[in-house]
Amino acid sequence: MLITFEGIDGSGKSTQIELLKNRLTEAGKTVNVFREPGGTDVSELIRGMLLNPEIDIDPITEMLLFSSARSQLVAEKVLPAIDKGEIVILDRFYDSTTAYQGYGRELFDTEKITQINQLASHGKAPDITFYLKISLEDSINRTNHMSKDRMEQSGNEFFKRVISGFDELSANYDRFKIIDASKNIHDVHSEIMTHLKQLI
Ligand code: TYD
């Protein structure tokens, strides 16, 4: 089973993924967690380029680099784990490419992005996607103290477009569960578990 988490920076994905992983492991499941971009040697090297604030990257190159990192992760880690019947949780997947590169960078040809996403994911779609939704203001407040990577330096207008991308995606696909991530950690976790119990 493939479970993905999406949302803008500061939405609390990592915390929720950790809680979920522990809960599923206690229930006897084998759980693999990977972050995107990353999770393999190649993908971590690409991550270094993508997040480095010193490097200028053209938006199409950026989209292709995120997709390359994804393709390697899916081939090397995700598909083998799923074939063994294990659970894979991804901290971001191709919906981030649609939201950040498609909407954020205004590469609006969503049809083309969808095709590239399918290619990079080797045709594998998530079984369920949790969209941890917070406002731009909450995101700024939660991430203000951190040093900003190349993506995080993209400015408020960029992030408004990213949010509208996630909003549109989550309205269009049934696999999306929209979670109000401004709530406290335990309420968010319970809501996630309620959705998952219907699936597992
Ligand atoms: P990361 O530190 O993992 O951020 P977060 O903890 O918020 O997930 O950095 C990943 C950054 O890359 C994040 O700003 C979102 C961005 N991103 C894209 O722009 N497109 C993508 O396809 C993916 C997977 C991530």
Side-chain angles (χ1 to χ4, degrees), residues 2-21 33-40 42-53 55-74 77-78 88-110 112-122 124-126 129-136 138-166 169 179 181 188:
L2 178 58
I3 303 167
T4 62
F5 279 76
E6 299 286 356
I8 55 170
D9 308 70
S11 56
K13 288 182 281 92
S14 328
T15 308
Q16 290 303 327
I17 288 172
E18 188 63 24
L19 287 173
L20 178 59
K21 183 192 173 175
V33 176
F34 306 110
R35 66 170 179 186
E36 273 224 46
T40 71
V42 168
S43 314
E44 290 291 334
L45 285 170
I46 296 173
R47 178 187 177 87
M49 290 191 255
L50 279 166
L51 300 186
N52 185 344
I55 299 179
D56 277 336
I57 304 182
D58 156 80
I60 292 177
T61 310
E62 181 180 284
M63 178 185 66
L64 292 171
L65 282 173
F66 277 113
S67 301
S68 301
R70 176 164 310 125
S71 170
Q72 188 65 30
L73 177 67
V74 173
K77 299 281 173 73
V78 176
V88 175
I89 304 177
L90 292 183
D91 187 341
R92 301 190 181 281
F93 197 38
Y94 54 57
D95 299 311
S96 279
T97 297
T98 308
Y100 281 76
Q101 281 65 55
Y103 286 77
R105 299 288 189 227
E106 298 183 289
L107 297 177
F108 263 128
D109 191 343
T110 26
K112 214 173 266 169
I113 290 189
T114 304
Q115 284 174 2
I116 290 169
N117 284 346
Q118 280 173 354
L119 182 72
S121 58
H122 299 244
K124 183 72 199 164
T129 300
F130 293 107
Y131 169 28
L132 302 195
K133 187 171 163 59
I134 53 165
S135 66
L136 183 57
D138 280 350
S139 167
I140 291 167
N141 289 334
R142 288 182 186 188
T143 56
N144 241 349
H145 58 287
M146 304 176 193
S147 67
K148 294 202 179 333
D149 64 40
R150 197 183 61 84
M151 294 304 300
E152 289 161 352
Q153 292 182 1
S154 303
N156 287 353
E157 292 310 310
F158 172 83
F159 281 104
K160 281 184 197 157
R161 292 194 295 274
V162 173
I163 291 173
S164 72
F166 280 130
L169 278 169
I179 311 285
V188 172

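Start at 1 and go down the list; that is how both ligands and their atoms are numbered.
Of the heavy atoms in Glu62, none comes closer than 4.0 Å to ligand 1. For Met146, no heavy-atom contact with ligand 1 is shorter than 4.0 Å. Using a 4.0 Å cut-off between heavy atoms, Gln101 contacts ligand 1 through its side chain alone, with no backbone atom that close. When heavy-atom distances to ligand 1 are checked against a 4.0 Å cut-off, Arg35 has no atom that comes that close, whether in backbone or side chain.
Of the N and O atoms on the side chains of Asn117 and Thr98, at least one donor lies less than 3.5 Å from an acceptor on the other residue.
Here the closest non-hydrogen pair linking Asn52 and Arg150 is O-CD, 3.3 Å. Between Ile8 and Phe166, the shortest heavy-atom contact is N-CE1, 4.2 Å. In terms of heavy atoms, Leu73 sits closest to Gly38 at CD1-O, 3.6 Å. What you find for Pro126 and Phe93 is that their closest heavy atoms are CG-CD2, 3.8 Å. For the residue pair Ile134 and Ile163, the shortest heavy atom distance occurs at O-CD1, 4.2 Å.
Heavy atoms of other residues, nucleotides or ligands lying less than 6.0 angstrom from CG of Asn144 number more than 12.
Here the heavy atom of the protein found nearest to atom 11 (C) of ligand 1 is Leu51 CD2, 3.9 Å. Protein heavy atom closest to atom 5 (P) of ligand 1, with residue, atom name and distance, is Lys13 NZ, 3.5 Å. For atom 21 (C) of ligand 1, the nearest non-hydrogen atom of the protein is Phe66 CD2, 3.3 Å. When only non-hydrogen protein atoms are considered, atom 2 (O) of ligand 1 lies nearest to Arg47 NH2, 3.1 Å. Considering only non-hydrogen protein atoms, atom 24 (C) of ligand 1 sits nearest to Arg70 NH2, 3.6 Å. For atom 10 (C) of ligand 1, the closest non-hydrogen atom on the protein side is Pro37 CD, 4.0 Å.
Taking a cut-off of under 4.0 Å to the non-hydrogen atoms of Thr97, the atoms of ligand 1 that pass are 21 (C), 22 (O).
Considering backbone and side-chain N/O of Tyr100, none are found under 3.5 Å from N/O of ligand 1. Close N/O approach between Glu152 and ligand 1 is not found [any backbone or side-chain N/O within under 3.5 Å]. Here's the thing with Asp9: one of its N/O atoms is less than 3.5 angstrom from an N/O atom of ligand 1.
Checked for salt-bridge contact, Glu18 and Lys21 miss the test: no charged N lies under 4.0 Å from a carboxylate O.
Checked by atom type and distance alone, the side chain of Gln153 pairs as donor or acceptor with a backbone atom of Lys148 at under 3.5 Å.
By the 4.0 Å heavy-atom criterion, Met63 is excluded from the residues contacting ligand 1.
For the pair Arg105 and Tyr100, the cation-pi test (distance below 6.0 Å, angle within 45°) is failed.
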